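Right, one structure below, let's go through it.
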Amino acid sequence: MHKVMLITGASRGIGAATARLAAARGYALCINYRQRRDAAEQLVEEIEHQGGRAIAVAADVADERQVAELFATLDPEFGRLDVLVNNAGMLERQARLEEVDGARLLRVFGANVFGSFHCAREAIRRLSTRHGGRGGSIINLSSIAARLGAPNEYVDYAAAKAAIDAMTVGLAKELATEGIRVNAVRPGVIRTDIHASGGEPGRVERVAASVPMGRGGEAEEIANAILWLASDEASYTTGALLDVSGGR
Ligand code: NAP
């Protein structure tokens, strides 16, 4: 029986790279996305073409009801869940805080923080031995922005990722005797579309000079860390915040 991994925001970027690697390692996949159905379905086709199993399910993770529906779709399709990757995340145009209004804060904290909480809650109900589950693993996508603060770019996003760090540490302890490990990966500057949504498509090249390794990272390099945290090789690792940032 294949282990089942749910990856939120897996139509593109780090989520899609993680889905490809997970499929190659034998996981069956639930690929969540918000809007880009074309990209998600193309990824499902690609995985199936290589002999893997995947479904694509639309849901805005910020919306509690849509998250409940996402899990309700997954349950009969696979009959089990082993790993949740809380990857869905976003940022808005680079700005100083005095230009950031409440509506933006709701969007940024909604997708990055509330979304991870909604998905973790549904996963815990299925995975925890306390609820009759077999255990499993939750991996949260934080960011080194939580450590650096992202001044003049997106302090709101950095603060949202710091909330993810606290959630990771707290949940790891809360669930430690219930068979669930909870860890976070904190990527540095990684080549994906997210920088264009911040208004600076060339951000990776600009920031690369301040990275000790002298380059941005690739989505596959984050996927490798996520798959390790999900695996039995990480059986004694919980509550870890793993920086994958080229030394930054
Ligand atoms: P990306 O290329 O912009 O892709 C974002 C993905 O998340 C897409 O699949 C998008 O779906 C989905 N998504 C966005 N909001 C969502 C929502 N409310 N509900 C469900 N899905 C949603 O981003 P990425 O760079 O791969 O980032 C992945 C994660 O890594 C994020 O949590 C991000 O904060 C974190 N991260 C990235 C970097 C970096 O440099 N790239 C650095 C540190 C941390 P659609 O395709 O349908 O829009």
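Order of appearance sets the numbers: ligands from 1, and atoms from 1 within every ligand. The chain is numbered in sequence order, starting from 1. Treat the numbers as computed from the prediction; the structure is a model and nothing was measured.
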Contact between ligand 1 and Ala59 is defined here as a heavy atom of the residue under 4.0 Å from a ligand atom; is it met? yes
For atom 1 (P) of ligand 1, state which one of Ile194, Ile7, Val67 supplies the nearest heavy atom. Ile194
Within ligand 1, which atoms have a heavy atom of Tyr157 less than 4.0 Å away? 33 (C), 34 (O), 35 (C), 36 (N), 43 (C), 44 (C)
Donor-acceptor contact present, side-chain Arg181 to main-chain Thr237, <3.5 Å: yes
Atoms in ligand 1 flagged as close to Asp60, the criterion being non-hydrogen separation under 4.0 Å: 17 (C), 18 (N), 19 (N)
Contact check, Ala145 vs ligand 1, heavy-atom distance below 4.0 Å: no
Go through ligand 1 atom by atom and flag the ones less than 4.0 Å from a non-hydrogen atom of Thr192. 2 (O), 24 (P), 25 (O), 26 (O), 41 (N)
Taking only non-hydrogen atoms of Gly13 and a 4.0 Å limit, the atoms of ligand 1 in range are 2 (O), 26 (O)
Could you identify the single nearest non-hydrogen protein atom to atom 28 (C) of ligand 1 and state the distance to 0.1 Å? Asn87 OD1, 3.2 Å
Is Ala219 close enough to touch ligand 1? Criterion: a residue heavy atom under 4.0 Å from a ligand atom. no
With atoms numbered from 1 as shown, which atoms in ligand 1 lie under 4.0 angstrom from a non-hydrogen atom of Ile14? 26 (O), 30 (O), 37 (C)
For ligand 1, which atoms sit closer than 4.0 Å to a heavy atom of Asn32? 20 (C), 21 (N)
Ligand 1 N/O within reach of Tyr33 N/O, cut-off under 3.5 Å: no
Mind checking whether His195 contacts ligand 1 via backbone (N, CA, C, O), side chain (CB onward), both or neither, at a 4.0 Å heavy-atom cut-off? side chain
Quick one, Val155 and Val100 - any side-chain contact, counting heavy atoms below 4.5 Å? no
Below 4.0 angstrom from a heavy atom of Val189, which ligand 1 atoms are there? Numbered from 1 as shown, please. 40 (O)
Counting heavy atoms under 4.0 Å, the part of Lys161 that contacts ligand 1 is side chain
Does the Asn112 side chain pair with the main chain of Gly89, one donor and one acceptor, at a distance under 3.5 Å? no
